[in-house]
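Since the structure comes first, as structure tokens, the remarks are kept for the end.
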2 protein chains.
Amino acid sequence: MADLRGGDLSRLRQLNSLTAIRELRGSGPLTLSALAERTGLSRPSMKEVTAELMALGWVEEVPPSQGTMGRPARRYRFRADSGHLVGVDIGGHNIRAALSDLDGRVLAETRQPVSLDAPLADRLVAIERAVTGCLTLSRTRMEDLWLIAVGTIGVIDIEGRVIYSAAVPAWRDLDLAGELGRMFPCQVLIENDSRLAAMAESRRGVARGANDVVFLHVGRRMGAGIMLGGKVHRGFGAAAGEISMLPEARWFDAPEHLNTCASVPAGTPPEDAAGHTLSAARDGDPVAIEAVERYVDDLAVGAAAMVLILDPQMVVLGGGFSRSADVLLDRLRARLERKCMRMPEVRASTLGDECVVMGAIDYAVEHLDEQLFTPDKGPLPVTR
Amino acid sequence: MADLRGGDLSRLRQLNSLTAIRELRGSGPLTLSALAERTGLSRPSMKEVTAELMALGWVEEVPPSQGTMGRPARRYRFRADSGHLVGVDIGGHNIRAALSDLDGRVLAETRQPVSLDAPLADRLVAIERAVTGCLTLSRTRMEDLWLIAVGTIGVIDIEGRVIYSAAVPAWRDLDLAGELGRMFPCQVLIENDSRLAAMAESRRGVARGANDVVFLHVGRRMGAGIMLGGKVHRGFGAAAGEISMLPEARWFDAPEHLNTCASVPAGTPPEDAAGHTLSAARDGDPVAIEAVERYVDDLAVGAAAMVLILDPQMVVLGGGFSRSADVLLDRLRARLERKCMRMPEVRASTLGDECVVMGAIDYAVEHLDEQLFTPDKGPLPVTR
DNA sequence: GCTACTAATGAAGCGCTCCTTCGTAAGTGC
DNA sequence: GCACTTACGAAGGAGCGCTTCATTAGTAGC
């Protein structure tokens, strides 16, 4: 509403075309009348819009559905297959990639393990392999990629440089946008992974329909992503959501309660310790339960800070530990209930490990929408 | 961009009319050509728009400016005087009101002292007096009031009920919207006072031009207001910004450091104690300085939480203690510099005690804009 | 196999909004 | 009083969306 400047007549057509595409994308093939009803336009106008979209290659006709009363209506669908998107999740230990059509429907997925302290070159190679893996799996050519969206750990500045990364040494002070821009021939978007996870949950996960969502990444490291008004909240310098940096929020060392619990068997590899503790707590081990209580005590402080400041509709628990959401959720709820002014819904992620990749794809889809009718903005193929 | 659905042609005209009004409001009288250039429309179209706006009574012609080359251009201005707005600040000890024209230019101001523990009826009477005082001062009739916006301490829910108020006993569980709706014959908007203060600072105060602003109310009580993307951030349940409720954020008791400082002379009334401490610190009293340091230590925790979570462009220090911003600002900056990921600008409020009233007026003006062309929404007079 | 019914199609005509273009009008400067 | 500058106002045209109506392509019933 704010940046709306009316203007030309053609702008009106653009907007109407865009809403038509959004409707088509959301609901599969639609008849002209259905489309007209949904967009609020008249049928003849809608017809003109679809004709234009078909000429542009965005929309195509599909065979009419049979068995209906009256003359069968022509049906149109968004040509989601006329281009491809890739979402990448650059984690500490794994690099995931997924290739999707323009609707965000996943066509191929890959995963490349990578060690935390791998040198930069290895990590970059793993990224390239993850993406090319998706391409071969789905028999897609690199030239058919329109957009790659990348979610990564660390704080990324507006230009796509990694300005902070506690976990991954090779990642610090890296011009990630530059590296990936050289690697792939299409546009590359870079975003913080927790923000993308938040987006995925609010688009296709447990928070679908909620516009104001806080995503808590609980795992070996802590993080948070924020959706406000249905949009990713990046902040003025793209550093929003970094509450784990604040000692008083007690997030940074919170996982230690689970890692150092006495009920973890000796010899357990450190990356599995927290999982053991959570399982033991589920089975009723009082020592483990005590550790979990202390963990959630800490978790709740940062979470309450976010809830009190933002007042979101929903808090989504994601990340590695959210597999044990049954152990964590009610405990977190109880503490937030005491600390918060207005209690938000608190739910566990339904997308799990796929969260960030899915969010990256959703992010790419959103960007696509925005660029559909501003061809000067980015090098998007218009017809095919 | 998101809620934009194109649609009718007349919608286009509405939007263009609205941008025209915004330009006129912002820049005083404008010629047709200037207006056309600013809005991006052609001169003939602009002429039609202004003709319509003049017919509606929103815009009027003013004498052309002299001494220019060529034929003098007709000039148009927004008829800011065709209606009036009132902003009210319901504080603990004072009730302020200001009457403005539709541009938000203040025409009259009043203040009504009221004691913290005054019964509800007295407080409501004081509100009415503050408003009617403005009316008589500016010789305005109650019927010429279009909109009253009220900022108040406490947490207000979406329906305008006070659901929490630590400071003012009479305020709790009050249906404020209902009470004020019965009191005044026009529409009444209610909002949290810190949010309105944030709005005022970002519209006409020190944060003018900044879209992402955190306003910290530092005074006998602590509060915060958030502007994101140029809009007040209310949160899903209108409870955003209440970080002072979190003990770990150390805001709630922070003022005690100043109140209980040993350098405050015995017999000082409690409400003046903090002021004494701040003055003494300015004069170099080491005991007072120590108290201030501890105060800012606490203040910085909650402030850092907000900055880390939101990553605003600017943090504005307002409220009673901000009169001593010279004592506080650099100390706060130093701490935030250590705690935050990206350091925002930190500035002192320039509007002082007027902050909330001004914000209320700005809030009313904004609402007006939104309702200009949706007459079904509220009972706004269209012509005069 | 024919008729009645249903629902979508396609074309025609209208109104609104914006655009460009042009001759005209009203000032200033010499 | 004349040239120059700048704005005004009217005319004509293009784009977009709307309503209306005859036509078309199916199903359902007899």
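Computed from a predicted structure; not experimentally measured.
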- Query: Given the rule in the salt bridge (Lys or Arg N to Asp or Glu O under 4.0 Å) test, do A:Arg43 and A:Glu37 qualify, once you have shown the distances and angles that lead to the verdict?
  - Reply: CA-CA 8 Å; A:Arg43 233 187 49 86; A:Glu37 192 182 355; over 6 Å; no
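Salt-bridge check for A:Arg203 with A:Asp362: failed, with every basic side-chain N at 4.0 Å or more from each acidic carboxylate O. The pair B:Arg77-B:Glu60 counts as a salt bridge, with a side-chain nitrogen and a carboxylate oxygen less than 4.0 angstrom apart. Between A:Arg13 and A:Glu48 there is a salt bridge, since at least one side-chain N of the basic residue sits less than 4.0 Å from a carboxylate O of the acidic one.
A close approach under 4.0 Å does not occur between any side-chain nitrogen or oxygen of A:Arg13 and OP1 or OP2 of D:dG15. Regarding contacts with the backbone of D:dG17, every side-chain N or O of A:Ser42 stays at 4.0 angstrom or more from both OP1 and OP2. Of the side-chain N and O atoms in B:Asn16, none sit less than 4.0 angstrom from OP1 or OP2 of C:dT17.
The nearest whole Å value for the distance from the CG atom in A:Leu12 to the P atom in C:dG15 is 20 Å. Taking atom CD on B:Gln14 and atom P on C:dC18, their separation rounds to 11 Å, with Å as the unit. Put simply, CE on B:Met46 is 10 Å from P on C:dC19, counting in whole angstrom units. With rounding to whole Å, A:Glu48 atom CD is found 11 Å from D:dG15 atom P. Rounded to an integer number of Å, the gap from A:Leu35 CG to C:dA7 P is 19 Å.
Using modelled atom types and a 3.5 Å distance limit, the side chains of A:Thr350 and A:Arg204 yield no donor-acceptor pair. Side chains of B:Arg22 and B:Thr39: a donor-acceptor N/O pair is absent below 3.5 angstrom, by distance only.
Going from atom CZ of A:Phe78 over to atom CG of A:Leu102 covers 5.0 Å, rounded to the nearest 0.5 Å. Going from atom OG of A:Ser17 over to atom CD of A:Glu52 covers 5.0 Å, rounded to the nearest 0.5 Å.
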- Query: Can you give one letter per nucleotide of nucleotides 7-12 of chain D, 5' to 3': B if a protein heavy atom sits under 4.0 Å from the base, S if only from the sugar-phosphate, - if neither?
  - Reply: BBB---
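In the helix from C:dG1-D:dC30 to C:dC30-D:dG1, the rotation axis of the first five pairs and that of the last five pairs differ in direction by 0°, rounded to 10 degrees.
Contact of the A:Leu85 side chain with the A:Asp101 side chain is not registered, since no non-hydrogen atoms from C-beta on lie closer than 4.5 Å.
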